[in-house]
Q: 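Here it is, the structure in full.
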Amino acid sequence: MKKLGIYIHIPFCVRKCPYCGFLSAPPESEEQTASYVDALVKEIGIASEAYGRDRLVDTVFIGGGTPSVLSHEQTGQILDSLAGAFTLDENPEITIEANPGTLTEEKLKAYAACGINRLSIGAQSFDDGLLESIGRIHRREDVVAVYEDARKAGFENINLDLMFGLGGQTMEKWEETLREAVSLDPEHISFYSLQIEENTPFYDLYKAGKLDTASDTMEREMHHKAIHTLQDAGFEHYEISNSAKPGRQCLHNLKYWSMAEYAGLGLGAHSYIENGGTLGLRYNNTEDMTAYIGSIGKGELPIEQRSLRKDTEKDAMGIYMFTGLRKREGVDLADFKARFGLPFESAFDMDDSVRKWQDAGYTEKDNGRFRLTEKGIDKSNDIMSEFV
């Protein structure tokens with residue numbers, strides 16, 4: 001059977017962070033949350049009929065928003081319905097994102113009992129002043145306490161999310177956060193720079209010249225500091241913003257970077273489903289809660305029809321390169337040829353560009369792979385965007 005990853009979106013949070021551009025907001029009421037969970041359970045059944053019959057689900061990722069705002073009973077209800085509707089792999093990777101301010105010892109034990117085996121904790125920083133400045137509801141001591149409770153609950157695969165490039169975040173503060181994260185000894189650490197997203201309070205402050213942010217140079221230095229600090233601690237830098245202990249890479253996210261199939265369930269969730277040969281169908285669910293619940297009530301997938309797009313051959317090759325270059329191992333050129341029927345060198349009219357990147361030390365091609373060098377990460381957006 002073909003393998004399928006499933007992403008489940010929980011669009012609720014305790015309080016919207018001022019930098020957050022994701023589809024999320026505090027729930028209007030407990031009734032709204034309950035109605036959403038009921039609709040999500042029904043969508044799981046509809047989706048299984050649509051494309052679950054010949055696929056084996058080997059990864060599940062519950063993201064948001066803040067999925068941990070749900071009661072553990074609601075989370076269990078979602079996972080029970082998933083197990084009943086789809087064929088799950090013998091030992092699937094099942095991840096849930098969590099805010100340290102919303103977790104309890106009871107909830108963590110319940111997560112482990114219902115099959116969740118990977119916990120992604122949104123730590124962001126170990127500096128209380130920085131946490132307050134970016135609107136987080138937790139503090140350093142909450143991260144440490146939740147991490148310890150998760151270990152007691154039996155979690156053997158934990159990720160910590162960290163942020164850099166924050167206003168007022170010196171290199172010394174970033175190094176201290178990295179040291180504290182490493183000292184907890186998680187299996188995985190993600191590190192992302194602050195992104196200024198439109199339609200957020202931080203964007204308004206930025207446009208008004210009132211937001212303190214790190215310089216581009218400082219941001220790059222912080223990124224490389226994370227790579228080297230984590231490498232020294234035994235982590236492998238396997239993707240631009242992710243490092244993991246050997247064998248502990250996030251299998252679900254690797255699907256996104258390897259052009260594998262994934263189904264998005266929930267409000268606004270995105271999907272990529274193969275649609276013959278190397279081409280796939282891409283779409284996302286509606287972002288309107290009323291329309292979402294209404295479509296499911298009629299037994300229909302809540303797809304935003306305007307988002308439906310079938311890849312062309314050119315699309316598919318470009319996306320394959322764009323996503324594959326996020327991985328430090330880069331793109332497998334033999335796999336590219338097997339998928340698309342022609343060598344990488346013939347697919348893109350970019351001989352001069354590729355040669356220029358390699359001469360400048362931004363990319364390298366050896367052992368059948370084309371990849372970014374560590375130096376090339378600083379130019380990754382420019383290089384990757386030339387393929388799409």
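Fair warning: this is a prediction, and the values are worked out from it, not measured in the lab. Throughout, numbering of the chain's residues begins at 1 and tracks the sequence.
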Q: Would a distance-only check, ignoring hydrogens and angles, find a side-chain to backbone donor-acceptor pair under 3.5 Å from K379 to Y362?
A: no

Q: Please determine whether a side-chain nitrogen of the Lys or Arg among E176 and R179 lies less than 4.0 Å from a carboxylate oxygen of the Asp or Glu.
A: yes

Q: Is a side-chain donor or acceptor of S307 paired with a backbone partner of N284 at a separation under 3.5 angstrom?
A: yes

Q: Strictly distance-based, threshold 3.5 Å: is any side-chain N or O of S258 a donor or acceptor partner for the main-chain N or O of A260?
A: no

Q: Would you mind telling me which of I94, L108, N157 makes a side chain to side chain contact (heavy atoms under 4.5 Å, CB included) with I116?
A: I94

Q: Tell me whether D58 is salt-bridged to K255, with the criterion being a basic N under 4.0 Å from an acidic carboxylate O.
A: yes

Q: Enter the distance from Q195:CD to T200:OG1 here, rounded to the nearest 0.5 Å.
A: 11.0 Å

Q: Identify the heavy atoms of M384 and L372 that sit nearest to each other, and give their distance.
A: SD-CD1, 4.4 Å

Q: When you look at CZ of F22, are more than 12 heavy atoms from neighbouring residues, nucleotides or ligands closer to it than 6.0 Å?
A: no

Q: Side-chain contact, heavy-atom cut-off 4.5 Å: K245 with F235?
A: yes

Q: Suppose the criterion is ring pair (Phe, Tyr, Trp, His ring centres under 6.0 Å): which pairs have a residue in residues 311-333, not counting sequence neighbours?
A: Y320-F336, Y320-F340

Q: Linking I/L/V/M/F/W/Y whenever any side-chain heavy atoms sit under 4.5 Å apart, do Y256 and Y192 land together?
A: no

Q: Mark yes when over 12 heavy atoms from residues, nucleotides or ligands other than E132 sit less than 6.0 Å from its CD; otherwise mark no.
A: no

Q: Are C250 and E239 packed together at the side-chain level, in the sense that at least one heavy-atom pair is separated by less than 4.5 angstrom?
A: no

Q: To the nearest 0.5 Å, how far apart are OG1 in T75 and CG in L70?
A: 4.5 Å

Q: Inspect the surroundings of CG in D359 and state if more than 12 heavy atoms from other residues, nucleotides or ligands are less than 6.0 Å away.
A: yes

Q: Rounded at 0.5 Å granularity, tell me how far CZ in F86 sits from CZ in R55.
A: 9.5 Å

Q: Can you sort out the partners of H72 under ring pair (Phe, Tyr, Trp, His ring centres under 6.0 Å), two or more places apart, ordered by chain and number?
A: none

Q: Show every donor-acceptor pair shorter than 3.5 Å between a side-chain atom in residues 35-47 and any protein atom, with sequence neighbours excluded, or say none if there are none.
A:
unit_1: S35; atom_1: OG; unit_2: E31; atom_2: O; d: 3.0
unit_1: Y36; atom_1: OH; unit_2: H9; atom_2: O; d: 2.5
unit_1: Y36; atom_1: OH; unit_2: L267; atom_2: N; d: 2.9
unit_1: E43; atom_1: OE1; unit_2: G266; atom_2: N; d: 2.9
unit_1: E43; atom_1: OE1; unit_2: Y292; atom_2: OH; d: 2.6
unit_1: E43; atom_1: OE2; unit_2: N285; atom_2: ND2; d: 2.9

Q: Could you tell me if the side chain of L194 sits less than 4.5 Å from the side chain of F202, heavy atoms only?
A: yes

Q: Could you tell me which non-hydrogen atom of V182 sits nearest to which non-hydrogen atom of A233, and how far apart they are?
A: CG1-CB, 3.6 Å

Q: Which is it for H252 and E93 under the side chain to side chain donor-acceptor pair (under 3.5 Å) test, yes or no, and what are the steps along the way?
A: CA-CA 7 Å; H252 183 83; E93 176 192 85; 5.6 Å; no

Q: Can you tell me if CD on E141 sees more than 12 non-hydrogen neighbours from other groups inside 6.0 Å?
A: no

Q: Which Ile, Leu, Val, Met, Phe, Trp or Tyr residues join L131 in one cluster when any pair of side-chain heavy atoms under 4.5 Å counts as a link?
A: none

Q: Measure from the side-chain N and O atoms of D142 to the backbone N and O of R139, and report whether any donor-acceptor pair falls under 3.5 Å.
A: yes

Q: For Y51, enumerate each residue passing the ring pair (Phe, Tyr, Trp, His ring centres under 6.0 Å) test, keeping only those at least two apart in sequence or located in another chain.
A: none

Q: Step by step, work out the side-chain contact (heavy atoms from CB on, under 4.5 Å) result for Y272 and M259.
A: CA-CA 8 Å; Y272 170 70; M259 214 166 165; 3.7 Å; yes

Q: CD of E30: more than 12 outside heavy atoms within 6.0 angstrom?
A: no

Q: Okay, side chain of K152, backbone of E105: is any donor-acceptor separation there less than 3.5 Å?
A: no

Q: Which pair of heavy atoms, one from T177 and one from F126, lies closest together, and at what distance?
A: OG1-N, 3.1 Å

Q: Can you find a heavy atom in the side chain of D149 that is under 4.5 Å from one in the side chain of L103?
A: no

Q: Would you call K225 and E221 a salt bridge, using N to O less than 4.0 angstrom?
A: no

Q: Please confirm whether the backbone N or O of G264 pairs with a side-chain atom of S271, one donor and one acceptor, at under 3.5 Å?
A: yes

Q: Should K3 and E261 count as an ion pair when the cut-off is N to O under 4.0 Å?
A: no

Q: Are there over 12 heavy-atom neighbours, none belonging to K16, within less than 6.0 Å of that residue's NZ?
A: yes

Q: Ignoring hydrogens, what is the shortest heavy-atom contact between P186 and A181? Give both atom names and the distance.
A: CD-O, 3.1 Å

Q: Do the non-hydrogen side-chain atoms of D161 and S120 ever get within less than 4.5 Å of each other?
A: yes

Q: Test of understanding: clusters of I, L, V, M, F, W, Y form through side-chain heavy atoms closer than 4.5 Å, transitively. Do L230 and I377 belong to the same one?
A: yes

Q: So which atom in C13 and which in P27 form the shortest heavy-atom distance, rounded to 0.1 Å?
A: O-CD, 3.6 Å

Q: Do the ring planes of F191 and F164 sit parallel (below 30°), tilted (30 to 60°) or perpendicular (above 60°)?
A: tilted

Q: Would you check if the side chain of D332 reaches a backbone N or O of G324 as a donor-acceptor pair within less than 3.5 Å?
A: no

Q: Would a 4.5 Å heavy-atom cut-off, applied to side chains only, mark E180 and V143 as touching?
A: no

Q: By the rule that ILVMFWY residues connect when side-chain heavy atoms come within less than 4.5 angstrom, directly or transitively, which residues belong alongside L56?
A: M1

Q: Check the pair V144, Y147 against side-chain contact (heavy atoms from CB on, under 4.5 Å), reporting the backbone distance first and the verdict last.
A: CA-CA 5 Å; V144 175; Y147 184 91; 5.8 Å; no

Q: What distance do M163 atom CE and M222 atom CE have between them, rounded to the nearest 0.5 Å?
A: 11.5 Å

Q: Are R355 and D352 within salt-bridge range, i.e. N to O under 4.0 Å?
A: yes

Q: Do H138 side-chain atoms and A123 backbone N/O form a donor-acceptor pair below 3.5 Å?
A: yes

Q: For E106, does the CD atom sit with more than 12 other heavy atoms under 6.0 Å from it, leaving out its own atoms?
A: no

Q: Please identify which of these residues, Q249, E329, R326, K327, meets the side chain to side chain contact (heavy atoms under 4.5 Å, CB included) condition with Y238.
A: Q249

Q: Under 6.0 Å from the NZ atom of K2, do we count more than 12 heavy atoms belonging to anything else shown?
A: yes

Q: Looking only at heavy atoms, what is the nearest atom pair of A153 and A112, with distance?
A: O-CB, 3.6 Å

Q: Answer yes when D366 and R371 have at least one side-chain N-carboxylate O distance shorter than 4.0 Å, and no when they do not.
A: yes

Q: Report yes if the side chains of V354 and F344 come closer than 4.5 Å at any heavy-atom pair, otherwise no.
A: yes

Q: Mind telling me whether H223 and H237 have parallel, tilted or perpendicular rings, with 30° and 60° as the class edges?
A: perpendicular

Q: Looking at OG of S243 and CD1 of I189, how far apart are the two atoms once the value is rounded to the nearest 0.5 Å?
A: 7.5 Å

Q: Does E97 reach the side chain of I10, with side-chain heavy atoms less than 4.5 Å apart?
A: no

Q: Atom CG in N99, atom SG in C17: separation rounded to 0.5 Å?
A: 7.0 Å

